[in-house]
Protein chains: 2
Amino acid sequence: MAPKVGEYRVDQYATDGSRAAILEAAARCFTERGYDATSIDDVARSLGATKGRIYHHYPSKADLFADVFRAGMEMNYAAIEPVRDLPGKALGRWRTLAFTHVVQMIRRRTFQRVVWEGTEMYLRGATTPQQRSTFAALHESRSRYGAIFRQTIAEAKKDGDMRFGSLGIANQLMLVTLNSPIFWYSPRPGETRDDIDDIAWQVVAFAASGLGASEGEFR
Amino acid sequence: MAPKVGEYRVDQYATDGSRAAILEAAARCFTERGYDATSIDDVARSLGATKGRIYHHYPSKADLFADVFRAGMEMNYAAIEPVRDLPGKALGRWRTLAFTHVVQMIRRRTFQRVVWEGTEMYLRGATTPQQRSTFAALHESRSRYGAIFRQTIAEAKKDGDMRFGSLGIANQLMLVTLNSPIFWYSPRPGETRDDIDDIAWQVVAFAASGLGASEGEFR
DNA sequence: GTCTATATACTGATAGAC
DNA sequence: GTCTATCAGTATATAGAC
């Protein structure tokens, strides 16, 4: 179940065309230039509009950014929901979860970059006191999401299906690996769904081996 | 040998106390708040000075940032220089290189965060035409540095000591893993040199296994 | 070599027309 | 619901005193 972290629900950002268009444009701009270097005028211009349109929907730039963050996390929860409670051992469940996550990083790259930058902003304390509680909720949503992965590898280790030292370090290395397509992936002309799946499996295989998983996969 | 990427040499930033202090403060500020959110006043204030001091040494904020980037890369080349041309098979050489690099990411975290952000700025094209050539040179310096690692794992694969699919993807995953301490590491009170080495070896072990290296190391 | 103004530009946010 | 005009705050960079 995708928990509500903000004031809007899933179907709202899906059906409200105006707000959805703003979110898409904002995600793209924030990804291209980063939060501070992106002006509201930039986002408006990329929509072929002026900032009046944006300020009608969002009271501030920080709120717009936070809503992209929220939408990104909601997409993540929605993506893994069908594979969260599959039967079987932890290692197998982890593989499916990890693959789903990586594909998500590739498909919704712009939103996921905002999730990353938002997390960094929160951890750096680069937020005003009013924003702080909003960002804290978003950061907690992301922590809960990450905890699903962390728990699964902890269980796999207990099963004897993974071998690693510190759980905390292994967890960080796993997450940074699975998230890394947001930094290096860029679509190639004529790329198929299978091509993306192939890339994603290579990422999962790297992380699995890194975590000392029993059998390696080298597709 | 550490190639000169900018106009200053190693011994200059090491001996010129005034400029070195500015670089340290700038690296800290840029790491804490990011390039755009950091004002020259912030850097000056963290030095207990005013911006006159900084503008005497650097003509612009972008130049200051670029010099931190340059210093960071110079530190990296200097760090791996003693282990670049060791004898032995590629896998063994890679382990030593990788360990040295990870320790460097931990020890000089602030400078390495600037290297990361500078690279992103360059790739995003978030530079003015005048800055472009400076950043291009710095980015190329970083690419050459990364190529040392890429070449080594390619050789290890040819030796049959590593197993992975696409070299390009494996390279990205390796680099993001080895660099990742700049995102999640923070020093703990009473931490010893051995503690840091232990963390670094766990990172190297993860990457080695991820690359399908023959023997796993699980410290 | 460092500091104190100050010019200049940009941007987040608001008010009110349509 | 969107646009135009405008205000206020901030930040880069410069000029000139010390």
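For the numbers below, each heavy atom of this structure counts, side chains included, while hydrogens, waters and symmetry mates do not. So you know, we letter chains A, B, ... as the sequences are listed, proteins then strands, and number each from 1. Note that this is a predicted model, so its numbers are computed, not measured.
- When the P atom of C:dA9 is taken as reference, atom CG of A:Asp41 falls 17 Å away, rounded to whole Å.
- Comparing A:Gly52 and A:Ala37 by the nucleotide of DNA chain C that holds the closest heavy atom to each, the one mapping nearer the 5' end is A:Ala37.
- B:Glu117 has its side chain out of reach of B:Phe69: every pair of non-hydrogen atoms, C-beta onward, lies at least 4.5 Å apart.
- Using a 4.0 Å heavy-atom criterion, one finds that B:Thr50 contacts the bases of the nucleic acid, with or without backbone contacts as well.
- The distance between atom CG of B:Asp36 and atom P of C:dA9, rounded to the nearest whole Å, is 20 Å.
- Classified by interplanar angle (parallel below 30°, tilted 30° to 60°, perpendicular above 60°), the ring pair B:Phe183/A:Phe183 is parallel.
- The side chain of B:His57 approaches C:dT2 more closely than any other nucleotide in the set C:dA13, D:dT12, C:dT2.
- Here A:His56 does not reach the OP1 or OP2 of D:dC3: none of its side-chain N or O atoms lies under 4.0 Å away.
- The nearest whole Å value for the distance from the CZ atom in B:Arg53 to the P atom in D:dA13 is 19 Å.
- An OP1 or OP2 oxygen of D:dT2 is reached within less than 4.0 angstrom by a side-chain nitrogen or oxygen of A:Ser18.
- With axes fitted over five pairs at each extremity, the angle between the ends of the helix from C:dG1-D:dC18 to C:dC18-D:dG1 is 10° (10° resolution).
- Checked by atom type and distance alone, the side chain of B:Lys51 never pairs as donor or acceptor with a backbone atom of B:Ser39 at under 3.5 Å.
- Summarising the geometry, the separation between NZ on B:Lys61 and P on C:dA9 is reported as 18 Å, rounded to the nearest angstrom.
- What separates CZ of B:Arg45 from C1' of C:dT2 is a distance of 17 Å, to the nearest Å.
- In this structure, A:Arg19 satisfies the cation-pi test against A:Tyr58, with its NZ or CZ atom closer than 6.0 Å to the six-membered ring centre and inside 45 degrees of the ring normal.
- Rounded to whole Å, atom C1' of D:dT2 lies 10 Å from atom CD1 of A:Ile22.
- Side-chain proximity of A:Tyr55 to D:dA13, C:dA13, D:dT2: nearest is C:dA13.
- For A:Lys51 and C:dA13, the NZ to C1' distance is 8 Å, given to the nearest whole Å.
- For B:Ile40, counting side-chain heavy atoms from C-beta on, the closest listed nucleotide (D:dC3, C:dT4, D:dT12) is D:dT12.
- Taking the ring axis of B:Tyr77 as reference, the NZ or CZ atom of B:Arg84 does not stay both within 45° of it and closer than 6.0 Å to the ring centre.
- Checking A:Ala49 against B:Ser60, the closest nucleotide of DNA chain D that is more toward the 5' end is the one next to A:Ala49.
- For the pair A:Arg132 and A:Tyr122, the cation sits on the ring face: its NZ or CZ lies under 6.0 Å from the ring centre, inside 45° of the axis.
- Following rounding to the nearest Å, A:Tyr58 (OH) and C:dG12 (C1') show an atom-to-atom distance of 17 Å.
- A ring-centre distance under 6.0 Å is found for A:Phe99 and A:Trp201.
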